[in-house]
Amino acid sequence: MYDIIVVGGGHAGCEAANIAGKMGMKVLLLTMNLNNIADMPCNPSIGGTAKGVIVREIDALGGLMGIIADKSHFQIKMLNNSKGPAVRSLRTQADKRVYPQKMKEALKQNSNLEIKEGLVEDLIIENKQVKGIILENGEKIISKCVILTTGTYLKANILVGSENTPSGPHGEGRSNHLSDNLKKQGLDIIRLKTGTPQRIKASSIDFSKCEEELGDDTYYTFSHDLKPCYKINEQQKCYLLYTNEKTHQIIRDHLKESAMYGGYATGVGPRYCPSIEDKIVRFADKSRHQLFLEPESIYYDEWYLQGFSTSMPRYVQEEMVHSLKGLEHAEITKYAYAIEYDAISALQIKPSLENKILENLFTAGQINGTSGYEEAAGQGLIAGINASLKLQGKEPLILKRNEAYIGVLIDDLVTKGVKDPYRMLTSRAEFRLILRHDNADLRLREIGYKIGTISKEQYERLQKKKENIFQLEKELKETKFVLTKEIAQIFKENNILPPKRNMSYFELLKRPEIDFKFISLFKKFEYAKDVIEQVEIAIKYAGYIKKANNEASKLKKIEEKQIPDDIDYKKVNNLASEARQKLSEIRPKTLAQATRISGVNPSDIAILAVYLKKEYNNE
Amino acid sequence: MEDTICAIATSRMVGAISIIRVSGPKAISIVSKIFQGHDLKKVKSHTIHYGHIKVNDEIVDEVLVSVMLAPHTYTKEDVIEINSHGGINTTNKILEILLDKGCRLAEAGEFTKRAFLNGRLDLAEAESVNDLINAKTDMARKLALSNLSGNFSKEIKKVRQKITDIMANIEVNIDYPEYNDIEVVTNETLLPKLREVKEEVSHLLNNSKNSKLIKDGIDVAIVGMPNVGKSSILNRLLNEDKAIVTDIAGTTRDIVEGSITLNGFLINFIDTAGIRETKDVVEKMGVIKSKQVIADADLVIMVLSNNAKVSSYEQDLIKIIPENKRIIFVNKSDLDKKINLDLDYIMGNTKEINGLDTLKEKIITLLNLNSIDSGDLTYASNVRQINLLKKAQNSLEEAIKNISQNIPIDMIEIDVRKAWNNLGEIIGEVYEDELLDTLFSNFCVGK
């Protein structure tokens with residue numbers, strides 16, 4: 001008997017299985033196809049705005065995605081480098097062949113983890129408790145917990161024009177009965193849709209007509225432990241190109257033939273990632289739309305045409321692609337398609353990612369209504385951790401909105417539910433100034449150490465870093481800045497006015513125009529780059545960080561106001577009827593969570609607060 | 001809202017008609033039980049029906065009943081209004097019957113509270129209902145009505161929309177940094193936009209000062225030595241205008257001795273008993289008390305006697321009154337002139353019929369009452385709204401200041417978002433503890 005069975009070997013499944021194994025659980029990872037473990041069926045990249053921070057958080061908590069991405073990318077960029085530190089994020093072009101390969105290697109090293117092929121069609125359930133799974137062939141496997149990370153495979157349909165094929169991505173099989181069986185148990189099933197663009201044969205592209213997009217010339221890693229394992233000058237290029245009036249005309253002429261506009265699709269597609277026909281219809285006045293060409297793998301002859309996802313029939317896709325500059329003679333190796341799939345209602349999931357209706361069932365990734373490898377991996381990690389913690393008899397790990405993007409992600413899901421596939425955005429994180437790329441380890445590693453996903457060695461390294469941050473701040477405060485002739489000259493050369501009075505280096509750094517890079521021209525502080533970065537951000541943005549922390553502690557107050565599980569909202573007088581219905585359905589754990597439910601007004605919160613005080617003496 | 005509430009909606013004095021309002025899911029079925037006439041369960045919405053209120057075969061009153069079905073009603077619930085014409089006893093009797101048949105007596109402001117909870121009114125609008133009920137002058141009534149119809153909320157929403165647009169653009173730049181067809185908001189392009197928004201918030205804030213004058217009136221203190229004629233000036237002003245002499249609490253902790261209207265504004269004369277009762281006016285206590293009265297008043301009329309020299313106490317008093325709210329009135333112009341004062345003053349006496357006209361004129365010019373635009377009544381109208389506007393203004397100022405410090409735009413946006421939240425709070429779109437308890441306790445029964 002296994003402790004945990006993880007169903008699905010995508011990004012959520014890999015993280016869930018690995019972390020549970022790391023926490024000492026006996027784990028079985030079931031996948032439909034061993035070759036598809038950690039497959040990247042859509043874009044060839046890991047990270048991106050906000051998503052890159054999630055990858056850092058996964059790494060800080062002992063997950064795999066960061067390390068594997070570091071080992072398998074051929075281009076890396078720090079996005080928003082010109083903006084503030086709060087919105088910076090790494091994005092890699094990950095090699096579609098290397099990434100899954102490295103992931104499999106990593107999973108094989110996990111001695112508590114067993115991987116097996118099999119298509120799950122049902123769960124073994126007794127008294128609303130999940131006890132294992134039933135395979136397509138009828139074989140039963142029992143376990144204490146089950147984690148479903150089925151991606152798009154639940155009743156998946158591939159749509160190309162009016163063609164509708166029951167199939168998973170890459171013509172894989174699909175699970176025909178699992179979502180129906182979940183529905184019978186009382187779970188609400190929703191239907192979502194996503195899409196992927198064409199793949200183009202490299203040798204058929206005229207790259208000279210496209211603009212080059214290069215990687216950064218600074219070394220970066222997602223991992224807090226690895227050294228960079230790539231060479232800056234060996235990074236691959238991506239290319240930028242645009243649609244034109246001709247493209248738009250073709251799309252308008254054939255609009256009714258697309259699955260979306262022809263009415264062949266029923267699922268709800270993502271707002272932030274519209275198909276090209278959507279873009280043309282919704283932004284009719286735009287004369288062009290931006291597209292990117294990204295290599296899928298240095299071992300493949302295929303390029304990914306980002307921004308051109310569509311559900312048009314194949315012959316229209318040919319015309320559309322050939323209307324693009326540089327792709328006049330392009331050979332399409334894979335046509336774009338839309339895929340529809342079943343997902344469960346996120347409102348029936350607890351913040352621990354355990355199901356509210358079926359005990360010992362956890363879910364993560366697209367089945368919860370999200371989109372994106374990183375969002376999936378982040379949830380997979382938490383599902384794996386919480387299933388393990390439950391079996392260890394411990395409290396679940398629930399990250400707060402001011403602790404991690406992963407916390408924001410899960411809180412949004414279970415509080416607001418999902419109408420279209422959920423993608424993480426920086427604007428969803430009201431505390432993004434605290435949730436930075438650069439401080440993921442400082443935020444989360446201690447938690448990881450406590451639950452056993454971070455090693456002693458990693459923990460000690462973190463303590464050392466903290467100590468160094470403290471030391472450097474101290475040193476800056478204690479070291480007087482003296483304006484010698486030489487230093488005055490350096491100020492002059494850089495067009496910076498020197499300070500008129502004596503001050504410490506700490507104070508000097510508060511000036512907007514002065515940074516460590518400039519100071520290093522005349523004074524060396526011997527500390528690691530990441531230590532200097534922390535201190536610099538803390539000094540430069542002290543005012544804003546303080547504001548954010550104040551807001552966070554305000555939130556903490558109502559976050560601590562627990563709502564008892566047994567509350568009967570019918571007994572709370574004066575609640576607006578919509579609020580009453582939503583509260584009864586979602587059953588928020590804290591007053592803070594209740595405030596974030598749409599349709600629950602401030603007045604309802606006030607009423608609820610008074611009720612809690614009266615009925616439960618909840619201060 | 002599960003229960004059905006009822007209350008007498010009209011004033012409880014003897015009148016030709018009283019209206020009893022019933023609101024809630026059982027409004028129709030409860031009233032049907034006691035109404036003899038058309039079957040109210042079958043009539044169309046927003047219609048009026050003649051009939052009788054009948055209990056145990058006894059006709060209580062001849063009535064007209066208005067039937068308004070949810071959601072197009074004041075509370076967004078089913079509402080019935082019973083127009084009775086039997087005077088206060090009959091009206092009370094009908095109310096009792098309704099309570100007996102399953103209605104609950106509405107709490108203070110509960111109809112408006114329901115209108116708010118059911119999304120019929122936003123917060124600023126709900127607050128203006130209270131203002132409307134308590135309006136003492138015509139202009140105050142107009143202001144409340146204007147705000148009730150959402151004019152102030154509209155202004156707030158307009159400014160807020162501008163901020164939303166700015167924020168959305170900043171956000172899209174952050175989340176999609178590689179899309180170079182999208183306009184990039186930089187600190188430079190942001191600055192003029194923020195200044196514009198800040199100006200609009202400041203404009204609303206400036207107007208709100210007028211709103212306080214319109215709503216609560218102008219507090220005027222009359223100060224001076226005993227026997228200079230303060231009481232007779234006050235009495236004369238009050239008598240001339242058939243003043244409403246009341247003992248109701250004024251805007252602050254002061255007691256209003258009486259009020260008159262001037263150019264449509266309510267002028268409240270503040271009791272200065274504290275000063276008058278001090279026997280030895282040269283005493284230090286007297287000055288301290290005067291200071292308090294002077295600080296609280298919008299306008300201070302310092303009364304001197306034409307027939308006496310200015311004492312040192314009077315000179316001290318003049319000094320502590322800020323010039324912009326000081327009127328020196330030299331009384332007893334009919335007596336011999338002995339006064340020695342090199343400040344501007346106006347003269348008059350209370351004996352002649354028009355002796356106080358110049359004083360009134362002076363009040364009007366000093367407060368700029370003629371320039372207050374009564375046509376554009378979109379003002380913030382209470383302390384809560386004004387404080388939030390101020391907070392929004394501060395946050396915007398902070399953002400503008402930080403732009404010059406070269407702070408990255410995503411951090412500037414933190415200040416901008418704060419202003420956006422403050423504005424949202426005015427119309428009730430952000431959660432704030434205990435806000436509503438205070439708010440709804442200010443309402444009187446039945447709208």
Side-chain angles (χ1 to χ4, degrees), chain A residues 48-50 77 79-87 89 91 213 240 242 272 286-290 292 307 423-427 430 432-433 511-513 540-541 543-545 547-548 551 557-558 570 573-579 591-592 594-596 600-607 609-610, chain B residues 1-3 25 76-77 107 110 113-114 116-119 122-123 126 167-168 170-182 184-187 395 398 401-402 404-415 417-418 421 424-425 428-440:
Chain A
T49 47
K77 261 185 178 180
L79 301 173
N80 286 328
N81 217 355
S82 61
K83 300 191 181 84
V87 295
S89 200
R91 194 195 56 206
E213 292 273 314
L240 170 63
Y242 297 94
Y272 51 81
K286 277 196 82 173
S287 61
R288 64 176 196 179
H289 294 275
Q290 208 166 325
F292 293 95
R423 182 207 145 146
M424 184 44 78
L425 300 162
T426 62
S427 48
E430 63 275 40
R432 65 185 178 204
L433 184 52
R511 304 183 142 218
E513 69 279 12
K540 285 253 169 282
Y541 307 113
Y544 278 100
I545 291 172
K547 271 186 213 172
E551 289 297 315
K557 263 197 221 152
I558 54 168
K570 279 190 211 120
N573 288 328
N574 277 336
L575 282 180
S577 57
E578 190 191 355
L591 205 56
T595 64
R596 295 189 286 268
V600 176
N601 287 321
S603 51
D604 301 313
I605 297 298
I607 287 160
V610 171
Chain B
M1 302 298 150
E2 270 140 19
D3 49 1
K76 279 198 146 184
E77 302 170 334
E107 289 160 24
E110 200 173 357
K113 182 174 162 185
R114 289 189 173 195
F116 172 74
L117 292 183
N118 292 333
D122 71 26
L123 199 50
M167 279 170 37
I170 296 175
E171 291 299 332
V172 83
N173 291 157
I174 292 169
D175 273 318
Y176 297 90
E178 297 190 312
Y179 279 72
N180 42 27
D181 274 357
I182 298 169
V184 176
V185 186
T186 61
N187 280 354
S395 296
E398 190 112 321
K401 190 191 89 197
N402 284 327
S404 66
Q405 299 280 310
N406 257 331
I407 300 280
I409 195 151
D410 52 281
M411 296 201 194
I412 303 288
E413 203 216 349
I414 294 175
D415 292 318
R417 188 183 287 256
K418 226 173 173 182
N421 280 334
E425 227 175 282
E429 288 182 8
V430 184
Y431 170 64
E432 192 69 48
D433 246 331
E434 292 167 12
L435 171 77
L436 292 138
D437 293 355
T438 351
L439 186 94
F440 285 111

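Scope of the values below: all heavy atoms of this structure, side chains included, with no hydrogens, waters or symmetry mates.
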Taking A:Thr49's backbone N and O only, do any of them form a donor-acceptor pair with B:Asp175's side chain (distance below 3.5 Å, no angle check)? no

Hey, what do you get for OH (A:Tyr541) to CD1 (B:Ile414), rounding to the nearest 0.5 Å? 11.0 Å

Structural part of A:Arg91 lying under 4.5 Å from a heavy atom of chain B: side chain

Quick check on A:Glu513 against chain B: is it the side chain, the backbone, both or neither that has a heavy atom closer than 4.5 Å? neither

Which bit of A:Arg511 is near chain B, if near means a heavy-atom gap under 4.5 Å: side chain, backbone, both or neither? neither

Strictly distance-based, threshold 3.5 Å: is any side-chain N or O of A:Asn80 a donor or acceptor partner for the main-chain N or O of B:Ile174? yes

Taking the side chain as everything from C-beta on, heavy atoms only, tell me whether B:Pro408 gets closer than 4.5 Å to A:Lys540. no

Can you find a heavy atom in the side chain of B:Asn173 that is under 4.5 Å from one in the side chain of A:Lys83? yes

Contacting moiety of B:Ile170, where chain A heavy atoms sit under 4.5 Å: neither

Check A:Gly84 against B:Asp410 and note the closest heavy-atom contact, atom names and distance. N-OD1, 2.8 Å

With salt bridge (charged side-chain N to carboxylate O under 4.0 Å, His left out) as the test, would you mind laying out the steps for B:Arg417 and A:Glu430 before giving the verdict? CA-CA 10 Å; B:Arg417 188 183 287 256; A:Glu430 63 275 40; over 6 Å; no

Applying a strict 4.5 Å limit to non-hydrogen atoms, the region of B:Gln405 in contact with chain A is both

Walk me through whether B:Tyr176 and A:Leu425 qualify under side-chain contact (heavy atoms from CB on, under 4.5 Å). CA-CA 10 Å; B:Tyr176 297 90; A:Leu425 300 162; 4.1 Å; yes

Hey, are the side chains of B:Glu413 and A:Arg432 touching, using non-hydrogen atoms and a 4.5 Å cut-off? yes

